[in-house]
K.L.:
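Before we start, here is the structure in question, set down as structure tokens.
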Amino acid sequence: MVSKKRVAILISGRGSNMTALIDACRLPDYPAEIVGVGSNRATAPGLEIASARGLETFSLAQSQFVDRDAFDAALTQKLDAWNVDIICLAGFMRILTPDFTVRWAGRLINIHPSLLPLYRGLDTHARALADGARVHGCTVHFVTPDLDEGPTIMQAQVPVLPGDTPDTLATRILVEEHRIYPEALCLLASGTLKY
Ligand code: GRF
């Protein structure tokens with residue numbers, strides 16, 4: 001096999017999608033390897049999981065930097081030091097600057113808990129329920145300067161069931177997130193996908 005793409009994952013929280021990506025990358029024929037995990041929150045539980053899996057980690061806090069450009073420049077420095085080919089955002093609760101997204105265009109992907117273009121932004125499950133949606137789901141997409149707007153790579157749908165709450169819906173969708181994120185990364189890393 002040609003050399004594996006070097007992938008960094010950026011997180012802010014528990015890191016369950018991160019773990020799904022790490023597990024997929026352990027498969028011998030998978031076309032990507034995780035080279036490290038970064039966070040904008042030093043206390044993100046996912047960082048400990050990543051360390052326990054033997055991965056390098058870093059955290060950067062906005063308070064260390066004068067503005068968002070300075071933060072994103074430091075982020076780029078960290079990623080360049082790892083020779084990163086692809087960045088996977090996995091619950092990274094931070095809006096990246098246009099400069100950053102343009103620099104990484106086609107190599108920066110995210111998972112969002114809705115069927116984009118529906119329900120960009122936060123609280124997607126509660127909003128879908130409030131609308132009486134019959135189906136809901138998740139999307140892996142390329143990241144562009146506009147929030148949750150980039151081209152879709154893969155989606156998965158789940159039915160909204162009677163009695164669903166934001167939590168039950170989130171739990172059902174998370175199973176699909178963990179399935180499609182590694183599949184989407186596989187497509188990108190293998191060169192199957194054109195941006
Ligand atoms: C996921 O629902 C993801 O779609 C959204 O944030 C959540 C992160 O969960 N962007 P986890 O940290 O991957 O468990």
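When a ligand or atom number is given, it counts from 1 through the structure's own listing order.
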K.L.:
Do the charged groups of Asp146 and Arg120 touch, with an N to O distance under 4.0 Å?
P.N.:
no
K.L.:
Distance to 0.1 Å, residue and atom name: give those for the protein heavy atom nearest to atom 8 (C) of ligand 1.
P.N.:
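For this ligand atom, the closest protein heavy atom is Gly91 CA, 3.7 Å.
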K.L.:
Of all heavy-atom pairs between Val35 and Glu56, which one has the smallest distance, and what is that distance?
P.N.:
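Val35 and Glu56 have their closest heavy atoms at O-CB, 4.2 Å.
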K.L.:
For atom 5 (C) of ligand 1, which protein heavy atom lies nearest, and how many Å away is it?
P.N.:
Pro113 CD, 3.9 Å
K.L.:
Mind checking whether Gly15 has an N or O less than 3.5 Å away from an N or O of ligand 1?
P.N.:
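Such a contact does occur with ligand 1.
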K.L.:
In a table with atom names and distances, give each donor-acceptor pair under 3.5 Å that connects a side chain of residues 85-101 to protein atoms at least two apart or in another chain.
P.N.:
{"unit_1": "Asp85", "atom_1": "OD2", "unit_2": "Arg6", "atom_2": "N", "d": "2.7"}
{"unit_1": "Arg94", "atom_1": "NH1", "unit_2": "Gln62", "atom_2": "OE1", "d": "3.0"}
{"unit_1": "Arg94", "atom_1": "NH2", "unit_2": "Gln62", "atom_2": "OE1", "d": "2.5"}
{"unit_1": "Thr97", "atom_1": "OG1", "unit_2": "Asp72", "atom_2": "OD2", "d": "2.7"}
{"unit_1": "Thr97", "atom_1": "OG1", "unit_2": "Phe100", "atom_2": "N", "d": "3.4"}
{"unit_1": "Thr101", "atom_1": "OG1", "unit_2": "Pro98", "atom_2": "O", "d": "2.9"}

K.L.:
May I ask you to check whether His112 has an N/O atom sitting below 3.5 Å from an N/O atom of ligand 1?
P.N.:
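For ligand 1, there is no N or O atom that lies under 3.5 Å from one belonging to His112.
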K.L.:
Starting from atom 10 (N) of ligand 1, what is the nearest protein heavy atom, named by residue and atom, and what distance separates them?
P.N.:
Ile111 O, 3.1 Å
K.L.:
With a 4.5 Å heavy-atom cut-off, do Ile9 and Asn17 have their side chains touching?
P.N.:
no
K.L.:
In the protein, what heavy atom is nearest to atom 3 (C) of ligand 1, and what distance, to one decimal place, separates them?
P.N.:
Glu177 OE1, 3.2 Å
K.L.:
Parallel under 30°, tilted from 30 to 60°, perpendicular over 60°: which one fits the rings of His136 and His125?
P.N.:
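Answer is perpendicular, since the angle exceeds 60°.
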